[in-house]
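Okay, structure first, notes after.
All values reported here derive from a predicted model rather than from experimental measurement.
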Amino acid sequence: MNAPQLQRRYLLPVYLLVAFYLDGTISHLGEQWLYTPDHTLISRLFMLVLVVTVFMLPEEHQLIWYATGIGFLYDLYYTGMIGMYTFAVPLIIYTIRYLKQYLPDSVFFIGLIDILCLTLLESAIYIMNRLIGYATITPIEFISNVLAPTIALNLVFFIFLYLPLKYLLLKLKSER
Amino acid sequence: MQKFFSNKKLIMLLIILIVCLGFIAMSVGLRNNKKNPSFIRQFGNDVTGITNQVISIPANGIGHGVDALTDLINTYQENKELKAQLDDLAQTKVQTQTLKEENASLKKEIGLKGTLTDYTTVNASVLSRNPDNWQNGLVINKGTLAGLKKDMPVMSESGIIGRIVEVNKTNSKVELVSSTDQSSNGFAAVVNTKDGKQVNGIMSGYNADRKQLKLGQIKTDAAIAKGDKVITSGLGGLTPKGLFLGKVAAVKKDDYGLALTVYVTPAADLNNLTVVTVIKRTIEGE
């Protein structure tokens with residue numbers, strides 16, 4: 001194993017945590033615009049950071065554990081239902097790490113994978129909430145009122161944050 | 001090229017899925033009974049809550065600064081409207097003060113320690129909001145150390161917004177009345193009709209499309225009209241009497257034409273919360 005070691009790798013969990021907290025803060029400050037009866041926009045910055053990390057730092061082998069940690073924290077702190085994100089987030093990250101070897105590292109594909117991840121995550125969370133009775137809307141309503149607006153919001157985040165995030169992550173690699 | 005799911009991994013995946021489903025079932029069970037979460041969960045939540053303030057305090061500061069700026073633009077218009085209400089308010093305030101004093105002295109005279117209307121309050125600020133909105137949850141910055149308990153009602157300035165569903169040492173989770181969960185909006189309520197009658201009922205859910213609470217299964221002869229005030233009745237649980245829930249928006253007959261369903265517009269704006277008040281009832285009810 002002579003994969004390049006990441007210097008200052010401890011910063012990656014810090015980025016993830018900041019994204020995790022920013023999700024809550026964005027939802028709190030923008031609740032008038034994000035949550036209306038017609039649509040629900042869910043901010044998923046932590047997913048964006050995870051997806052970009054998969055492509056920018058493929059040598060980070062701990063990423064699955066970070067994903068598990070963030071998922072667990074999400075369950076603990078935001079929803080109080082341990083098991084949903086703890087299960088879904090690492091599984092999705094595992095899947096895209098596998099898919100990555102067939103895909104070119106271009107912005108377009110990273111954006112596409114981000115959309116795929118969001119679709120998987122939102123659907124998984126919706127199905128689990130439906131099972132325990134918190135979500136009452138039908139699947140069609142879910143796609144039009146929750147999934148589509150959420151993807152739109154997170155694409156905006158992707159467009160604005162991709163370059164700064166790429167810079168921050170590659171910086172972890174270069175300073176050896 | 002690695003195989004995507006080898007047999008070993010597939011079995012592991014299944015085991016993890018089953019463990020996670022077990023944890024979800026446990027969490028749902030915890031939510032439905034009165035116990036506090038286990039020490040490890042509380043500890044994790046407390047640490048997360050404290051570190052959250054590093055992000056949320058500056059961010060909320062900026063957000064509220066912007067709010068203040070937009071408020072400033074609306075101030076002139078608001079000022080005109082408020083002035084009109086002010087004279088009326090002063091009179092009501094003095095009257096309430098007098099009645100309160102009279103009430104207190106009368107209670108003292110007959111030796112009554114606490115009634116359903118007595119409560120103390122704890123102010124808390126909102127730390128963050130659950131981004132996925134299935135549970136309509138908030139995290140507030142007070143917990144058991146401030147004397148909070150599970151199922152206590154939570155108000156904004158104008159009315160009830162929800163209930164506490166999980167208490168940790170330094171923060172707790174609030175579920176808004178707009179949630180589909182019965183435990184957060186099942187308040188025992190009273191409608192005060194215009195001709196002085198009182199109609200009891202229990203909140204039975206939230207209609208997301210109309211943004212209104214439902215007060216179901218009411219059998220009464222009293223005429224409930226649009227605009228009648230709905231308050232908590234103080235029966236059962238930890239909710240005191242006389243907290244403002246909202247105003248009647250519509251009255252409908254149910255499918256069999258026997259009972260009434262009353263739709264109530266919540267008094268509080270559920271989507272603009274920065275500071276909330278947790279209500280502690282003076283007399284404990286089981």
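Of the residues A:Val52, A:Asn154, A:Leu121, the one that meets the side chain to side chain contact (heavy atoms under 4.5 Å, CB included) test with A:Met47 is A:Leu121. Checked against B:Ile161 for a side chain to side chain contact (heavy atoms under 4.5 Å, CB included), the options B:Asp269, B:Asn136, B:Thr277, B:Leu273 give a single hit: B:Leu273.
Of the two parts of A:Asp23, the backbone and the side chain both hold a non-hydrogen atom closer than 4.5 Å to a non-hydrogen atom of chain B. When heavy atoms are compared at a cutoff of 4.5 Å, A:Leu76 approaches chain B by way of both its backbone and its side chain. For B:Ile62, no part sits under 4.5 Å from any heavy atom of chain A, backbone or side chain. Contacts of B:Val139 with chain A are made by side-chain atoms alone, with heavy-atom separations under 4.5 Å and no backbone atom involved. With a 4.5 Å cut-off on non-hydrogen atoms, A:Leu131 does not touch chain B at all. Contacts of A:Ile82 with chain B are made by both backbone and side-chain atoms, with heavy-atom separations under 4.5 Å. With a threshold of 4.5 angstrom between heavy atoms, A:Phe142 approaches chain B through side-chain atoms but not through N, CA, C or O. Both the backbone and the side chain of A:Thr79 come within contact range of chain B, each with at least one heavy atom under 4.5 Å from a heavy atom of that chain.
Contact record, A:Ile42 with A:Glu122: CD1-OE1, 3.4 Å, taken as the closest heavy-atom pair. The two residues B:Phe244 and B:Gly246 come nearest to each other via the heavy atoms CE1-O, 3.3 Å. Contact between B:Ala189 and B:Leu245 at its shortest, heavy atoms only, is CB-CD1, 3.7 Å. The two residues B:Tyr206 and B:Val177 make their nearest non-hydrogen contact at CB-O, 3.5 Å. Residues A:Tyr35 and A:Ser27 share a closest heavy-atom pair of OH-CB, 3.3 Å.
Chain A forms more heavy-atom pairs under 4.5 Å with one residue of B:Val126, B:Asn171, B:Val54 than with any other, namely B:Val126. Top candidate by heavy-atom pairs under 4.5 Å with chain A, chosen from B:Leu17, B:Ile16, B:Thr48, is B:Thr48. Per-residue counts of heavy-atom pairs under 4.5 Å with chain A were compared for B:Gly22, B:Ala25, B:Ser128; the largest is that of B:Ser128. In terms of heavy-atom pairs under 4.5 Å with chain A, the best-connected choice from B:Lys173, B:Arg210, B:Glu166 is B:Lys173. Ranked by heavy-atom pairs under 4.5 Å with chain B, the list A:Phe72, A:Phe20, A:Tyr74 is led by A:Tyr74.
Defined by atom type and a distance below 3.5 Å, a donor-acceptor pair is present between the side-chain atoms of B:Thr51 and A:Tyr21.
A cation-pi arrangement, defined by a distance under 6.0 Å to the six-membered ring centre and an angle within 45 degrees of its axis, is present between B:Arg163 and B:Phe187.
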